[in-house]
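Values in this document were obtained by computation on a predicted structure and should not be read as measured data. In what follows, chains carry the letters A, B, and so on, assigned in the order in which the sequence lines appear, proteins first and then strands, with residues in each chain numbered from 1.
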Protein chains: 6
Amino acid sequence: MSTVRLLADDELSAEARAVFDDIRATRKTDFVNNIWRALAHDPALLRRTWEGVKEVMAPGALDPLTKELIYIAVSIANGCEYCVRSHTAGARAKGMSEAQLMELVAVVGMASETNRLAIGLQVPVDEAFKRTP
Amino acid sequence: MSTVRLLADDELSAEARAVFDDIRATRKTDFVNNIWRALAHDPALLRRTWEGVKEVMAPGALDPLTKELIYIAVSIANGCEYCVRSHTAGARAKGMSEAQLMELVAVVGMASETNRLAIGLQVPVDEAFKRTP
Amino acid sequence: MSTVRLLADDELSAEARAVFDDIRATRKTDFVNNIWRALAHDPALLRRTWEGVKEVMAPGALDPLTKELIYIAVSIANGCEYCVRSHTAGARAKGMSEAQLMELVAVVGMASETNRLAIGLQVPVDEAFKRTP
Amino acid sequence: MSTVRLLADDELSAEARAVFDDIRATRKTDFVNNIWRALAHDPALLRRTWEGVKEVMAPGALDPLTKELIYIAVSIANGCEYCVRSHTAGARAKGMSEAQLMELVAVVGMASETNRLAIGLQVPVDEAFKRTP
Amino acid sequence: MSTVRLLADDELSAEARAVFDDIRATRKTDFVNNIWRALAHDPALLRRTWEGVKEVMAPGALDPLTKELIYIAVSIANGCEYCVRSHTAGARAKGMSEAQLMELVAVVGMASETNRLAIGLQVPVDEAFKRTP
Amino acid sequence: MSTVRLLADDELSAEARAVFDDIRATRKTDFVNNIWRALAHDPALLRRTWEGVKEVMAPGALDPLTKELIYIAVSIANGCEYCVRSHTAGARAKGMSEAQLMELVAVVGMASETNRLAIGLQVPVDEAFKRTP
């Protein structure tokens, strides 16, 4: 149960409906997942979030699958079950293999370990790492 | 200043020295950065961490640059300055362009935003995302 | 299932019972929620936590609803489902509208995004922000 | 030192310059702080972030000072020094008193404590908190 | 439901089976809990994680129960339900009393509160705390 | 620079002075570190925090050094430099050896790694870990 009601299609405002139409057209599926149905209570937030995600996750200097892997990594570090599950499904739909998923979580785990070691001992940044290109 | 002294090469135990030798041989450089000099107080921890990093970051189902990007993403989410700076330098050495870095932080920022939206409204996981292949 | 039993009213020590009495008197309701029933195993912790919450959340330079909004924001950032749900219910009881809740999560999301951008690029603090009044 | 150079006004692309113009016009000051000078390497990210912040922080169901307090609270929980300092300065410019700042951090501290108590004992959500209005 | 299938004993690779055998021999029980059944998809990750945990949690300068308490504390701060529950069970098996558990969560809560106070006000580190022995 | 001024002894309110007197008497030293000088702007917060810390960190079912180790572990996980440094100094004053410090950070690192593995693969809690004594 979310803390606001998940809106059904026939409960959407005109602005929210337009965003749902774009989600369906962009993803080529009728399925609109729960996060958008919660955000639809605030059409400006819904629109801004959807357009931001669409822009950020589009092909660019990084390919879409790499971006999904990064998205999952952050979601793990932030402890968001909804996001881990939805983006793991999304990455699989984009071709992520099980071996890639296992390596992804291995890197996330290793990074989390060394992050804590560096903070735990308050290791100072090497001069070599302070230069800005 | 770290909370333990950073060990110079001539202060290393035999076991720590062997790890430093492997770091230098693997990376083909004489430079050994501060985190290893802090961990060297506990040779077992030093060895395990280095061997773990070497194994996890090797080419596999994911290429080494993708793994560096994931490492940076996690380090940002965990708020580790040392790790953000050292792995940003590492990723650049492996060919990361500035455009790729900017897209990486854009994905990390966007994921952090939607993570909080999903948690903030306690959005339930869609049935479609619960299936295990 | 909590990792310690939730204590029923007839299982309370005298010190825990006194705290429950004060919770009921302060909130003008017989309902005592689960967190207090878990903390009741350690009456000193129960008392200190309840008195701290009562003192901190009382009207002061900030009004009680603003304090609830801040409480929810922190609970989202810390990923605490229990606290998000209980304080969202508490804020609603104090008059929070759905529009206010949606704006709250929007601010939490936006702050989380820019937090990660600033950390991700290691942006130095402007001199103008370093002055202490 | 940031990991990308902070761009001076005469290094901006046309799209970035347009965003800087809007920042200056909106805030009625010539000062543009460092985060925007780092984001300017990616004009699309710069524009999206600025427009998002402007939209989210505008007066609405919550007033701008309350939104700044929430922004600071999240920045504390996420451990972002840049954001704590810049938004503390921003809140002061909007009238936050020192007493309000002290109460803000007191609420953040208390929420963080009870968040951990609830997670630490895995306290189940009360039925009364599970209802969606 | 995990995002990868939990492997049953008869689905293990030879390398994963060897790790399971060592888990059973070390713990003197036939029970192998779910995390290992998920990691078994990547035998190298399974082996490295198990050997790391076994080495780190062994008696040393700190006794095993103290290490379990630290493990639980970190798991609470990172918001990992699986880890809080499994290590609380593990600590009880090693003799942790309910009074010790309550004091543990009290310390975790108090530390989280003062962590946020120090970050919230950006308190500078005292010179006395900067010395490295 | 903190975001509020650090108060000198001759700037304290009567209530804050009484707390400083108790800090000095309890710790048997004239030195009062910066966090208390920042909190002194809000005497009620100062008093509540000091009394909470004093109560929680006193000998009980856990000894004071074990509590300091847990405090450091949480401070690492929360990324609080002030707290890591001040409590590392505090633990050393209570007898923590360098070997104990190294094992502490090793456990914190390992726990952080497995926390992320469990979250990353969404491993379900084993039935055996769900029982409440």
Side-chain angles (χ1 to χ4, degrees), chain A residues 1-7 11-13 15-16 19 34-53 55-57 61-62 67 70-85 111-112 115 118-119 124-133, chain C residues 1-3 31 33-35 65-127:
Chain A
M1 271 307 180
S2 46
T3 57
V4 295
R5 273 196 327 108
L6 300 176
L7 296 187
E11 297 174 301
L12 301 174
S13 66
E15 188 180 356
V19 175
N34 288 340
I35 180 102
W36 309 112
R37 297 183 181 284
L39 296 181
H41 287 274
D42 183 340
L45 174 60
L46 171 68
R47 177 191 47 71
R48 194 176 57 246
T49 306
W50 165 247
E51 293 190 351
V53 168
E55 188 173 307
V56 168
M57 301 305 279
L62 298 175
K67 290 182 173 184
I70 294 166
Y71 214 112
I72 297 170
V74 173
S75 302
I76 295 171
N78 284 333
C80 179
E81 178 181 353
Y82 187 86
C83 313
V84 170
R85 289 188 184 278
S112 296
N115 287 178
I119 293 172
V125 179
D126 300 75
E127 288 305 314
F129 300 149
K130 286 185 179 163
R131 286 181 226 119
T132 303
Chain C
M1 270 309 179
S2 47
T3 58
F31 176 61
N33 52 308
N34 287 341
I35 181 102
L65 179 53
T66 298
K67 290 182 173 183
E68 283 289 345
L69 298 177
I70 294 165
Y71 215 112
I72 296 170
V74 172
S75 301
I76 295 171
N78 284 335
C80 178
E81 177 180 354
Y82 187 86
C83 313
V84 170
R85 289 188 183 279
S86 58
H87 284 273
T88 298
R92 278 188 160 124
K94 285 180 179 148
M96 180 181 69
S97 68
E98 193 153 290
Q100 288 177 318
L101 174 58
M102 295 306 293
E103 288 196 14
L104 167 64
V105 299
V107 175
V108 173
M110 182 58 63
S112 295
E113 180 168 27
T114 61
N115 288 177
R116 297 326 190 191
L117 296 176
I119 293 171
L121 298 173
Q122 291 290 311
V123 181
V125 179
D126 301 74
E127 287 305 314

Inset, instruction - Report the option among C:Arg116, C:Arg92, C:Glu98, C:Gln122 that has the most heavy-atom pairs separated by less than 4.5 Å from atoms of chain A. - result: C:Glu98
Legend entry - Straight-line distance of C:Ile76 CD1 to A:Asn78 CG, nearest 0.5 Å: 12.5 Å
Inset, instruction - Starting at CD of C:Glu81, measure out to CD of A:Glu81 and round the result to the nearest 0.5 Å. - result: 9.0 Å
Inset, instruction - Over all heavy atoms of both residues, which pair between A:Ala38 and C:Met102 is shortest? Give the atoms and the distance, please. - result: O-CE, 3.6 Å
Inset, instruction - Go through the steps for C:Val105 and A:Leu45 under the test side-chain contact (heavy atoms from CB on, under 4.5 Å), then give the verdict. - result: CA-CA 9 Å; C:Val105 299; A:Leu45 174 60; 4.3 Å; yes
Legend entry - Closest-packed option against chain C by number of heavy-atom pairs under 4.5 Å, given A:Leu39, A:Thr49, A:Val74, A:Thr3: A:Thr3
